[in-house]
Amino acid sequence: MKRYAFRNIEKKWQKQWREDGTYEPNIGNAKKPFYNLMMFPYPSAEGLHVGNVYAFTGADIYGRFKRMQGYDVFEPIGLDGFGIHSENYALKIGTHPMEQAKISEKRFYKQLEAIGNGFAWNERLETYDPTYYRWTQWIFTQMWKHGLAYRKEQSVNWCPSCKTVLADEQVINEHCERCNSTVKSRELEQWFFRITKYAERLLNNLENIDWSERVKIAQRNWIGKSEGALIKFEIQSKTKKLTSNTYVEVFTTRPDTLFGATYVVLAPEHELVSKLPIKNQEEVKKYIKHTKSKTEQERIEHKDKTGVELVGVKAINPANKELIPIFIADYVLPSYGTGAIMAVPAHDTRDWKFAKKFDLPVKMVICTHYPAPTCPVLEEAYEGDGHLVDSGRFDGMKSKEAMRKITKYVGGKYKTQYRIRDWLISRQRYWGVPIPMIFCKACAADKKGEQKDMPGWYTVPEKDLPVELPHIEKFRPEGTGKSPLASVPEFYETTCPGCNEVARRETDVSDTFLDSAWYYLRYPSASDKQHAWNPKTTRKWLPVNLYTGGAEHSVLHLLYVRFVALALQDMKLLSFPAISGEEPFPKFRAHGLIIKDGAKMSKSRGNVVNPDEYIERFGADTLRMYLMFLAPFEEGGDFHDAGILGIVRFLDRVWKLFQSLHTENQMPEKKKDVLLQRILHKTIKKVSEDIEVLKYNTAISALMVLLGAIEEHRSHLSVANRQLFLKLLAPFAPHITEELWYELGNKTSIHTEPWPKYSPKFIKEDMFELVIQVNGKVRDTITLPRGITETEAKKAALASEAIQKHLNDRKLKKVVFVKDRLINFVV
RNA sequence: GCCGAGGUGGCGGAACUGGCAGACGCGCUGGACUCAAAAUCCAGUGAUGGCAACAUCGUGAGGGUUCGAGUCCCUCCCUCGGCACCA
């Protein structure tokens, strides 16, 4: 008997599928489109990672299942090849990113083919392809034209190792998401996208999309909505008369504690600081300088409070007209709220700590009991709710109720504040999409330009797109705050679209996350040269039916991509069918992480598993099934090679079974079926249901049980049921099933066959095991007909010797009967 | 600190809606085959006691609800993920 020669067989079918276009849907005329999308990989250093294989396989199984259910499944693939990661790799090994891209591309596509996914290869795309990024640039220009892109100088995250700025989302605990260096802050003029404008919609839409809950929560946290009040505190000076409108506005989520505000704190960067008649100028300046010298990291690390009082000025608490001191302190951040707070030490832990250090009064205004003879003496800030005390006419009121009333009383206004900040989109690197903007000094001087508030700036005219990234030798970032492209006059010298004078092209490139913020729109229209996305095709295929990817993109890619989709729809450049809503991915599932020996795979740990080796040794089908068998797809799992033998054995048994069935003498077809019918249909049900909820591990387990039963009753396996078994296995192990399918005499692919349906009548059992308990402990089981009544069941159960022994003639207190399941005698 | 997910044999993990805990697989033990090994096949495999039938214990810890709890409630511990001086 020949063994399963997976190497040749897998290669053979991969070639055949591609030739036959097995997985190419008819983009223009699909009847039941199903867009099965998985996050495309960035082609990095070591080639495909076993984690990629895991992600792709899990998504592919679902796609294959849907295809067999009669959908026109579209499962595209491409490469997210621009960006720091790819560029750093090229720098490291000393190749040019452009050449490296071609090398990686070849390697990745070869590996991706070897895993046996049903990819629609014809529509593949690479983000560094000018025919693709032409449209990325076009999107940038549209953002600009609709007021969603702007340039601004501000303190930004700077990675000293990558020598570029980073978006807030790319800074993890003050470390660069890519290289893990500590991020510094730097004042630079940069391009931003106004994602904050969409904060509320991005938050609200989460309620209506079917996403893994943990990802939704991560996004909610990131957007960070809080409701509060803006309250003005007038400022008085002892020495100098101030204009009557000198005030500081604070943002607070607890306006109910206003009577307890015993001082005010401004961020050291607050613009008002320089305008006030302060007596201790020197000290204040020193503190401000000190703050600026600190990195964000240091500022956050030192949680003990520092600050300086602004001597000579006082603020007036608008609630009780008390004069209270004003401080600057670095625990107040310039970028959140108004950059100023009212400090209520009694009811805020941070203010409490500051007040203790500077010996400032603590005034309690919220008490849990009311009327209370005495409120407890505080030993730490009380941040909960309660009744107001020492708050004038508001005494006794519940804090919730007092919030709005006090805000109104002092003329404040309610405000919703978000934590999210605008998306910093420019990068001072080489390997990315050039930002398609032109700056003209002459126009700037004349206050001319496309946007009133940004004189001198023009978009590159659409006919001139793409602005191609030139092949330059000195592409290494210098850390000057400028892209290497800024030293290439042939690139940046251009003419102004407004006045035709000499002008300068923007030399920064855009964040890689812009490339991936719209790729899903391009796939179905990949061959369209006139549109970024063809309107007709887009309405047919979008939104994506199932999006699969890693949870590590919870607040990066997955937020940007939603934002861009909403913005494009507002610009009327994109529309989804009305019933679909406005979200690009109504259903998203985050797959788990594959770890090794309890730790995340990483180069530094040296525990990265290369899939090639396993495909070579065991075959793609085996690797696929092994990975899927580890744990539920959404949970990930621990990769340890030993377990792969279980799958090797399983597929070997399948192979041998079919080989022997070909040759063995068989009983007539008519007589077969009966014995295996029940388990076959139960398995169809189980596997179908499990695939639907991505519980591939239990689906595979059911197939193993089924195989065991078949082996036991092999002579009862009809040809029809052999086919059925192969179909159930096909999404998991596409190659071996295809081979055996053809061996059974079929002439077309198993992967386009209809998915089996189960018949309830075969599953229905007429007998069941009654569990008999005495005082809740299982003492016996007996087989009885389904639907048996309590009286009959009781009679049968009491007839059991074991039960009689345990009842021991004691009196029955109670009998609990659960139909078709259990009877419990309580004595 | 806040929010979320989780903690089940030697290991990965099963367990409908509160109803036989440990499916399936790995590993391990014994056996068959073999000169031998590998591969394969068969049997066993939560712990303790017992020749055995069987009994007792057992799902992070402690308490509770219930005829019955891995599953529900309370308190606590630990692991992982997100946010974090965000007012």
Side-chain angles (χ1 to χ4, degrees), chain A residues 3 172-173 212-226 228-229 250-254 257 265 267 299-305 329-333 335-344 347-351 353-354 383 417-421 551-552 554-555 590 592-593 595 598 600 625-626 629-632 634-650 652-653 656 695 697-705 707-708 711 769-781 802 805 813-818 821-827:
Chain A
R3 284 195 65 110
I172 317 290
N173 287 330
S212 303
E213 196 55 32
R214 57 188 161 138
V215 175
K216 286 194 188 184
I217 288 161
Q219 293 213 350
R220 275 188 209 112
N221 283 343
W222 187 260
I223 295 168
K225 179 178 179 170
S226 46
V250 303
F251 175 73
T252 177
T253 54
R254 291 297 300 272
T257 64
V265 190
R299 190 159 165 177
I300 285 162
E301 254 173 19
H302 296 97
K303 294 216 172 179
D304 57 306
K305 303 283 180 278
D330 66 359
Y331 83 94
V332 174
L333 306 174
S335 50
Y336 186 77
T338 60
I341 61 156
M342 64 178 210
V344 185
H347 303 294
D348 182 282
T349 305
R350 295 152 302 180
D351 299 343
K353 284 187 182 151
F354 190 85
E383 295 185 329
Q417 186 67 44
Y418 301 93
R419 209 196 67 98
I420 190 174
R421 299 181 209 168
E552 70 273 18
S554 296
V555 290
L593 202 64
I595 56 173
K600 199 172 164 176
M625 285 191 75
Y626 169 62
F629 187 57
L630 282 176
E634 295 185 67
E635 280 169 33
D638 200 332
F639 190 99
H640 61 294
D641 331 14
I644 205 165
L645 285 175
I647 302 294
V648 172
R649 287 177 193 140
F650 172 75
D652 262 345
R653 275 161 62 201
K656 275 193 237 160
K695 300 241 169 143
N697 57 333
T698 46
I700 292 170
S701 145
L703 288 167
M704 287 173 168
V705 175
L707 178 65
E711 283 172 334
E769 289 271 292
L770 179 77
V771 174
I772 311 170
Q773 302 181 333
V774 176
N775 286 342
K777 287 200 168 143
V778 180
R779 297 302 181 185
D780 202 2
T781 60
K805 201 178 107 199
K813 278 192 199 142
K814 189 173 175 183
V815 179
V816 180
F817 178 68
V818 183
R821 198 180 291 271
L822 158 149
I823 191 160
N824 186 11
F825 298 109
V826 186
V827 290

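Just so it is clear: chains get the letters A, B, ... in the order the sequence lines come, proteins before strands, and each one is counted from 1.
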Looking only at side-chain N and O atoms, does A/R649 come under 4.0 Å of OP1 or OP2 in B/C26?
yes
For B/C74 and B/C80, measure between their C1' atoms and round to the nearest Å.
24 Å
Quick one: is B/C85 close enough that its OP1 or OP2 comes under 4.0 Å of any side-chain N or O from A/T349?
no
What interatomic distance, in whole Å, is found between C1' of B/C24 and the corresponding atom of B/A38?
26 Å
Within the 4.0 Å heavy-atom criterion, would you say A/V818 contacts the bases, only the backbone, or no part of the nucleic acid?
base
I'd like the C1' distance from B/G7 over to B/U59, given in whole Å.
9 Å
Residue pair A/H640 / A/Y626: nearest heavy atoms and the distance that separates them:
O-OH, 2.8 Å
Report which part of the nucleic acid A/V705 touches: base, sugar-phosphate, or nothing (heavy-atom distance under 4.0 Å, all strands).
sugar-phosphate
Touch class at under 4.0 angstrom, heavy-atom based, for A/L822 against every strand present:
base
Compare every heavy atom of A/V265 with every heavy atom of A/A343, then report the nearest pair and how far apart it is.
CB-CG2, 4.3 Å
With rounding to whole Å, what would you report as the distance between B/G46 and B/G22 at their P atoms?
9 Å
Under a 4.0 Å threshold between the charged nitrogen and the carboxylate oxygen, would A/E635 count as salt-bridged to A/K695?
no
Rounded to the nearest 0.5 Å, what's the gap from CD on A/Q773 to CZ on A/F825? Could you check?
10.5 Å
Quick one: A/Y626 OH to B/C26 C1', roughly how many Å, whole number?
9 Å
Expressed in angstrom and rounded to an integer, what is the separation of A/L707 atom CG from B/A23 atom C1'?
16 Å
Nearest-Å distance, CD (A/E711) to P (B/C24)?
13 Å
Nearest heavy-atom contact between A/T781 and A/E769 is OG1-OE1, 3.3 Å
Given the 90°-from-0 boundary between syn and anti, B/G4 should be labelled anti
Value in whole Å for how far the P atom of B/C2 lies from CD of A/E383
10 Å
Just how far is it from atom CZ of A/R214 to atom CD of A/Q219, taken to the nearest 0.5 Å?
13.0 Å
Euclidean distance for P, B/C85 against B/U66 (whole angstrom)
47 Å
Quick one: on RNA chain B, does A/A218 or A/T781 contact a more 5' nucleotide (nearest heavy atom)?
A/T781
May I ask you to verify whether the side chain of A/K353 and the base of B/C85 hold a donor-acceptor pair under 3.5 Å?
no
Between B/G60 and B/G9, how far is it from one P atom to the other, in whole Å?
8 Å
Protein-nucleotide distance (A/F650, atom CZ; B/U40, atom P), rounded to Å
15 Å
Requiring both pairing distances under 3.5 angstrom, list the stems that contain RNA chain B and are made of three or more consecutive Watson-Crick or G-U pairs.
B:1-7 with B:77-83, B:10-12 with B:24-26, B:27-32 with B:40-45, B:46-49 with B:54-57, B:60-64 with B:72-76
Ring geometry between A/F251 and A/Y336 (parallel below 30°, tilted from 30 to 60°, perpendicular above 60°)
perpendicular
Pairwise P distance for B/G27 and B/C35, with rounding to whole Å:
26 Å
When you measure from the side chain of A/N221, which nucleotide among B/C41, B/A87, B/G82 comes out closest?
B/G82
From the options B/C20, B/C57, B/C24, select the nucleotide whose nearest atom is closest to the side chain of A/E769.
B/C20
When you measure from the side chain of A/S212 to the backbone of A/A590, do you find a donor-acceptor pair of N or O atoms at a distance under 3.5 Å?
yes
Distance under 6.0 Å and angle within 45° of the ring axis: does A/K225 meet both against A/Y418?
no
Base, sugar-phosphate, or nothing for A/S226, non-hydrogen atoms under 4.0 angstrom?
sugar-phosphate
Are A/L822 and A/F817 packed together at the side-chain level, in the sense that at least one heavy-atom pair is separated by less than 4.5 angstrom?
no
Whole-Å distance, A/F639 CZ to B/G25 C1', equals 15 Å
Suppose we call a contact any N or O donor and acceptor under 3.5 Å apart; does that hold for the side chain of A/N824 and the base of B/C67?
yes
Could you state the interatomic distance from CG (A/N824) to CG (A/N775), rounded to the nearest 0.5 Å?
7.0 Å
Once rounded to the nearest 0.5 Å, what's the spacing between atom CE of A/M342 and atom OG1 of A/T252?
4.0 Å
With nearest nucleotides of RNA chain B determined for A/K777 and A/S701 from heavy-atom distances, which residue corresponds to the more 5′ nucleotide?
A/S701
Round to a whole Å and report the spacing from CG of A/L333 to P of B/A87.
10 Å
Under 4.0 Å protein heavy-atom contacts per nucleotide of nucleotides 7-16 of chain B, with B for base, S for backbone only and - for none
-----BSS-B
Give a yes/no on whether any side-chain N or O of A/K813 is located under 4.0 angstrom from OP1 or OP2 of B/G68.
no
Taking the side chain of A/T253 as its heavy atoms from C-beta onward, which of B/C3, B/A87, B/C20 lies nearest to it?
B/A87
Nearest heavy-atom pair of A/D638 and A/L630: which atoms, and what distance?
O-CD2, 3.4 Å
Return the nearest nucleotide to the side chain of A/L645; candidates are B/G27, B/C83, B/C41.
B/G27
Tell me whether the OP1 or OP2 atom of B/C20 has a side-chain N or O from A/R779 closer than 4.0 Å.
no
Please state the P separation for the pair B/U8 and B/A61 - nearest whole angstrom.
10 Å
A/R419 side-chain proximity, nearest of B/C24, B/G19, B/C83:
B/C83
Applying salt bridge (Lys or Arg N to Asp or Glu O under 4.0 Å), run through A/E213 and A/R220 and close with a yes or a no.
CA-CA 11 Å; A/E213 196 55 32; A/R220 275 188 209 112; 3.7 Å; yes
Take atom NZ of A/K305 and atom C1' of B/A87, then tell me their distance rounded to the nearest Å.
11 Å
Protein heavy-atom contacts under 4.0 Å, written 5' to 3' over nucleotides 43-52 of chain B as B (base), S (sugar-phosphate only) or - (none), form the string ----------
Flag for A/E383-A/T349: side-chain donor and acceptor within less than 3.5 Å:
yes
